[in-house]
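One structure is given here, and the rest of the page talks about it.
Throughout, numbering of the chain's residues begins at 1 and tracks the sequence. Values below: all heavy atoms of this structure, side chains included; hydrogens, waters and symmetry mates excluded.
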Amino acid sequence: MSQASVKTYLPWVVAAALFMEQLDATIVNTAIPSIAASLGVSPLSLKSIVSSYILSLAVGIPVSGWMADRFGTRRVFAVAIVIFTLASVLCGMAVNAPMMIAARLLQGLGGAMMMPVGRLAIIRTFPKSELLGAMNFVIIPALIGPLLGPTVGGLVVHWVSWRYIFFINVPVGLVALFLVFRYMPDYRAAQRRPLDVVGLILFSSGTALLSWFLEIFGEHTMAPLTAAAILASSLGLLGAYALYARGRKFPLLRLSLFHIRTFRIAVVGGFLTRLGLGGMPFLLPLLYQVGLGFPAWKSGLLMMPAAIAAMAMKLVSQRLLHRFGYRQILVVNTVCIGLTIGLFAFVGADTPLVLIVMLGLTQGFFNSLQFSCMNSLAYADVDDQDSSMASTISSSFQQLSMSFGLAAGSLVTAWFLGDVPQTERTMVISALHHGFATLSIITVMSSLTFWRLRQDDGESISRGTALRLQR
């Protein structure tokens with residue numbers, strides 16, 4: 001297998017697997033009422049099928065880098081696809097809620113290995129000068145999956161059984177598995193490192209507890225003392241890991257990578273930016289369906305322009321980065337995202353549909369450029385031997401940022417909606433407008449993180465210049 005063939009087909013391999021994972025992560029939400037009716041339980045009790053998946057991701061992602069270094073990227077990625085596909089079949093065959101939750105836990109473990117291991121294979125295959133183009137291709141499923149999920153889920157539930165939502169993963173998984181064994185390179189670490197079991201327990205339990213807390217915080221009434229105790233426990237476990245990892249020769253996650261300035265800014269800046277972006281999946285469906293009175297299918301279609309714009313951006317993002325550099329792009333683009341979110345505060349019952357579509361296109365355009373820049377900048381000054389560790393840390397923080405973003409959106413929604421009855425559309429729209437304004441301010445403020453970049457940061461990727469470590 002030639003290197004040219006690997007470069008041609010590897011992005012397709014990773015993209016197929018990530019599309020399956022990202023679509024599944026969002027498509028389930030639409031089917032919860034139908035699943036609950038079929039299994040004879042209340043929809044609220046099935047919220048655990050979402051939180052159980054998130055918990056598995058929090059536990060599985062930190063150990064994925066070690067597994068890839070030890071057993072090879074091809075074997076681990078293939079096993080991840082097999083686990084995810086088989087777990088999908090078990091989800092579709094579930095006859096009760098406990099079986100569904102157990103299958104989702106297993107599915108989450110498979111999904112936890114896909115993203116960091118697939119990204120690691122891309123990083124080790126492509127030189128830094130070609131990395132942005134490869135990651136641009138792979139990230140498209142991550143942008144399209146969450147947008148297609150509600151629409152596809154609604155159509156599947158409407159026309160056939162909810163079980164087909166999970167069976168859709170079978171043909172995709174089989175194709176991805178074939179491509180893995182044919183085109184996936186088998187990278188391993190030159191030096192075997194032992195598994196940091198204590199670090200795994202501390203970090204995974206801390207992130208799992210924190211992710212679970214953020215998942216349920218905005219949806220359930222929780223006593224203040226209980227909430228404080230859970231939050232303190234999760235942060236205590238993560239703090240204990242940070243202290244423990246300092247003296248370890250082979251820690252689970254080597255936090256010293258944060259001494260690399262571009263890596264630190266990309267990961268932390270991405271975390272903060274997603275706080276504002278994470279609320280949009282909550283606010284937009286409420287605006288379209290509750291505020292404007294659109295049917296669910298129309299609301300889903302209004303999410304599609306963002307996906308179209310995301311794909312279009314991939315055609316010009318490399319040229320934009322080459323022309324303006326990471327610092328200027330990230331500072332300006334983050335502000336543009338915030339302003340775009342703020343423009344939704346002016347969408348009302350008399351807003352022409354074409355303007356809503358144009359606003360969705362604009363948001364998808366800016367979001368796509370943002371994620372491409374943040375994800376690629378993280379590896380600009382990271383040595384090749386540290387790429388596995390960097391991929392694991394970056395994936396772990398992205399998972400946490402998703403949980404924080406969803407929690408932020410839920411809190412903003414609950415705060416401004418309060419006890420407003422859904423029949424009072426004017427009041428609902430007004431409350432949602434305040435929510436969009438709040439998320440807009442949060443996003444614009446996050447742009448301050450990227451001011452610490454230098455004009456020539458990331459040129460090993462944007463312009464293919466020699467790698468310079470900046471510690």
Side-chain angles (χ1 to χ4, degrees), residues 54-73 76-77 80 108-109 111-124 187-214 233-272 274 374-375 377-404 469 471:
I54 292 175
L55 289 177
S56 290
L57 289 178
V59 172
I61 288 177
V63 77
S64 60
W66 176 85
M67 294 182 64
D69 287 343
R70 183 69 176 269
F71 302 107
T73 52
V76 173
F77 200 73
L109 289 176
M113 293 184 287
M114 285 188 196
M115 179 170 61
V117 176
R119 183 181 294 170
L120 172 62
I122 293 291
I123 294 168
R124 291 189 174 178
Y187 298 117
R188 300 169 186 259
Q191 178 186 12
R192 285 192 174 186
R193 55 187 175 97
L195 178 62
D196 181 9
V197 178
V198 176
L200 177 62
I201 294 173
L202 289 174
F203 187 83
S204 295
S205 57
T207 53
L209 189 59
L210 183 58
S211 296
W212 175 77
F213 171 77
L214 294 170
S233 298
S234 61
L235 295 179
L237 287 167
L238 293 175
Y241 173 77
L243 294 174
Y244 164 82
R246 287 182 179 180
R248 299 289 299 177
K249 183 178 180 181
F250 298 107
L252 179 73
L253 300 177
R254 194 163 68 253
L255 301 181
S256 60
L257 284 181
F258 281 98
H259 294 158
I260 302 176
R261 185 168 47 81
T262 49
F263 179 81
R264 180 177 66 252
I265 293 174
V267 173
V268 176
F271 184 94
L272 296 176
R274 288 182 176 91
M374 293 188 304
N375 291 341
L377 177 63
Y379 306 98
D381 296 326
V382 173
D383 287 332
D384 291 341
Q385 62 266 26
D386 292 329
S387 57
S388 175
M389 186 66 68
S391 177
T392 304
I393 293 176
S394 179
S395 298
S396 297
F397 272 78
Q398 283 186 29
Q399 175 57 37
L400 279 177
S401 71
M402 289 171 60
S403 298
F404 271 93
L469 280 178
R471 297 185 182 271

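The nearest pair of heavy atoms linking Leu253 to Ser396 is CD1-OG, 4.4 Å. Residues Trp66 and Pro194 come closest through the heavy atom pair NE1-C, 3.5 Å. Summarising the geometry of Val382 relative to Ser387, their closest heavy-atom pair is CG1-N, 4.1 Å, with the distance given to 0.1 Å. Taking both residues in full, the closest heavy atoms of Ala80 and Met114 are given as O-CE, 3.8 Å, listed atom of the first, atom of the second, then distance. Across every non-hydrogen atom of Ser394 and Tyr379, the tightest pair is CB-OH, 3.8 Å. When every heavy atom of Leu252 is checked against every heavy atom of Met389, the shortest pair comes out as O-SD, 3.4 Å.
A heavy-atom distance below 4.5 Å is not found between the side chains of Leu120 and Tyr187. The side-chain heavy atoms of Gln398 and Asn375, taken from C-beta on, include a pair separated by under 4.5 Å.
Panel note: side chain Thr73, backbone Val117; no donor-acceptor pair is recorded below 3.5 Å. With hydrogens and angles ignored, the 3.5 Å screen pairs no side-chain donor or acceptor of Asp196 with any backbone N or O of Pro251. Without hydrogens or angle criteria, Thr207 side chain to Ser204 main chain gives a donor-acceptor distance under 3.5 Å. No side-chain donor-acceptor contact under 3.5 Å links Arg188 to the backbone of Ala68. A donor-acceptor pair is defined here as one N or O able to donate and one able to accept, closer than 3.5 Å; such a pair exists between the side chain of Ser395 and the backbone of Ser391.
In this view, Arg193 and Asp69 satisfy the salt bridge (charged side-chain N to carboxylate O under 4.0 Å, His left out) rule, not counting sequence neighbours.
The line from CG of Leu272 to CD1 of Ile265 is 11.5 Å long, rounded to the nearest 0.5 Å. Interatomic distance, CZ of Arg192 versus CZ of Arg70, reported as 4.5 Å (0.5 Å rounding). If you take CD1 on Ile61 and CZ on Phe397, they are separated by 12.0 Å, rounding to the nearest 0.5 Å. Rounded to the nearest 0.5 Å, atoms CZ (Arg248) and OH (Tyr241) are 9.5 Å apart.
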Practice task
Could you give me the CA-CA distance, side-chain angles and deciding distance for Asp386 and Arg254, then say whether side-chain contact (heavy atoms from CB on, under 4.5 Å) is met?
Solution key: CA-CA 9 Å; Asp386 292 329; Arg254 194 163 68 253; 2.3 Å; yes

Practice task
Verify side-chain contact (heavy atoms from CB on, under 4.5 Å) between Phe263 and Ile393, making sure each step is shown before the conclusion.
Solution key: CA-CA 10 Å; Phe263 179 81; Ile393 293 176; 3.9 Å; yes

